[in-house]
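Just so it is clear, the model here is predicted, and its values are computed rather than measured.
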Amino acid sequence: DLSRINLSILLVYFSDNCCQKHLCDRKYVAAPYPGQMRLPARSTELSSADNVYTANMYSSNVYTSIVCTGKEQTMKQSFESGMIVYHPVLLVATYNLDDTPNAMLVAWGGQAGEKQISLSITPHRTTENIVANGGFVVQCATQQLLDAGDYVGIVSGDKVPDKLARAGFTVTKSTKVNAPIIDQLPVAFECKVVELKEEFDGTRVVGEVVGMEVDDSVLTDGKIDLDKVHPVVYDNVMNCYRSVGPNIAEAYSVGKKFQ
């Protein structure tokens with residue numbers, strides 16, 4: 001329903017009473033939509049190629065393209081900037097300078113190499129701890145303990161030193177790096193620092209995975225089974241957490257039918 005789209009200009013009225021799901025090779029005109037800002041109208045000639053029609057228009061800082069196949073019409077909008085990348089929700093555990101355990105929630109992080117994990121962290125106590133200790137532990141937040149993980153992310157360890165205990169977490173010291181492992185989370189990546197770089201108003205931390213602790217309960221045939229881990233991802237568009245779905249196809253295989 002084009003009338004529901006919040007644009008300053010709207011593409012309207014195709015000749016010969018073409019309905020919105022069909023287009024003929026006719027002219028279209030961009031005209032002001034009632035109640036919206038009135039911008040200069042723009043018109044052009046629709047051209048057809050293989051029965052595909054494209055109409056473009058500009059409105060404020062939004063560029064809108066309507067692509068029609070002759071049967072169905074789809075609309076795409078292009079914005080000046082934006083991001084829609086779903087990141088794993090990670091808890092990063094470190095020891096404070098007084099050897100008390102601490103953790104933060106990180107949404108900008110993931111695998112950066114065969115054995116490397118990269119994190120983008122704004123100025124934070126965790127950054128200081130990583131620099132001082134040379135190591136940290138990364139663990140996946142899970143659906144079962146998402147409320148506890150979120151609490152760790154919204155509460156500062158400077159103000160609530162025992163926030164891990166309040167969330168119901170206990171820790172065990174890693175045998176590979178000077179960092180704690182949260183006992184209740186099933187997968188832990190023990191990382192030693194290999195690179196620190198100040199960028200984008202924060203610090204990029206790259207750690208090499210030197211050890212991994214995994215609960216037997218989330219293994220299938222000796223491999224980590226995400227159906228058992230129940231990890232979550234962060235949706236930065238809707239500002240919410242989302243679950244990771246089931247296995248839908250074999251990677252680097254399902255596309256072979258096009259070869």
With a 4.5 Å heavy-atom cut-off, do Ser217 and Lys228 have their side chains touching?
no
Give the C-alpha distance, both sets of side-chain angles, the deciding distance and a yes or no for side chain to side chain contact (heavy atoms under 4.5 Å, CB included) between Leu90 and Phe189.
CA-CA 11 Å; Leu90 306 172; Phe189 301 96; over 6 Å; no
Donor-acceptor contact below 3.5 Å, side chain Asn133 vs main chain Tyr95
yes
Using modelled atom types only, decide if a donor and an acceptor are shared between the side chain of Gln116 and the backbone of Gly207 within a distance under 3.5 Å.
no
For Val171, the rest of its hydrophobic cluster, which grows through side-chain links under 4.5 angstrom:
Val89, Leu91, Leu105, Leu145, Leu146, Val152, Leu164, Phe169, Ile182, Leu185, Val232, Tyr234, Tyr241
Apart from Val194 itself, members of its ILVMFWY cluster (side-chain separation under 4.5 Å) are Val206
Once rounded to the nearest 0.5 Å, what's the spacing between atom CZ of Arg242 and atom OH of Tyr86?
5.5 Å
Minimum heavy-atom separation for Ala107 to His87, with atom names?
O-CB, 2.6 Å
Closest heavy-atom pair, Pro123 versus Gly202, reported as atoms and distance to 0.1 Å, is CD-CA, 4.3 Å
Between Glu190 and Met212, the two heavy atoms sitting closest are OE1-N, 3.2 Å
Main-chain N/O of Lys176 paired to Ser174 side chain as donor or acceptor, under 3.5 Å
yes
Could you check whether atom CG of Asp162 has more than 12 heavy atoms from other residues, nucleotides or ligands sitting under 6.0 Å from it?
yes
From CG (Leu196) to CG (Leu119), nearest 0.5 Å
10.5 Å
In terms of heavy-atom contacts, does NZ of Lys173 have more than 12 from other residues, nucleotides or ligands at under 6.0 Å?
yes
Side-chain contact, heavy-atom cut-off 4.5 Å: Val205 with Thr126?
no
Do Asp201 and Thr122 have side chains that approach each other closer than 4.5 Å (heavy atoms only, starting at C-beta)?
no
Considering all heavy atoms of both residues, which atom of His124 and which atom of Ile121 are nearest to each other, and what is their separation?
CB-CG2, 4.0 Å
Yes or no on side chain to side chain contact (heavy atoms under 4.5 Å, CB included) for Asp225 and Leu219, after CA distance, side-chain angles and deciding distance?
CA-CA 6 Å; Asp225 189 340; Leu219 294 176; over 6 Å; no
Backbone N/O of Val155 and side chain of Lys163: donor-acceptor pair under 3.5 Å:
yes
Any side-chain heavy atom of Met104 within less than 4.5 Å of one from Asn102?
no
Is it true that a side-chain atom of Gln139 and a backbone atom of Pro186 form a donor plus acceptor pair closer than 3.5 Å?
no
Can you tell me how far apart OG1 (Thr94) and CZ (Arg125) are? Round to the nearest 0.5 Å.
8.5 Å
Asn96 (side chain) donor-acceptor with Asp98 (main chain) under 3.5 angstrom
no
Under 4.5 Å between any side-chain heavy atoms of Glu213 and Thr172, yes or no?
no
dist Asn178:CG -> Lys192:NZ (nearest 0.5 Å) comes out at 14.5 Å
Less than 4.5 Å apart, any side-chain heavy atom of Cys191 and any of Val177?
no
Heavy-atom closest pair, residues Pro180 and Ala93:
O-CB, 3.4 Å
Does CD belonging to Glu114 count more than 12 external heavy atoms closer than 6.0 Å?
no
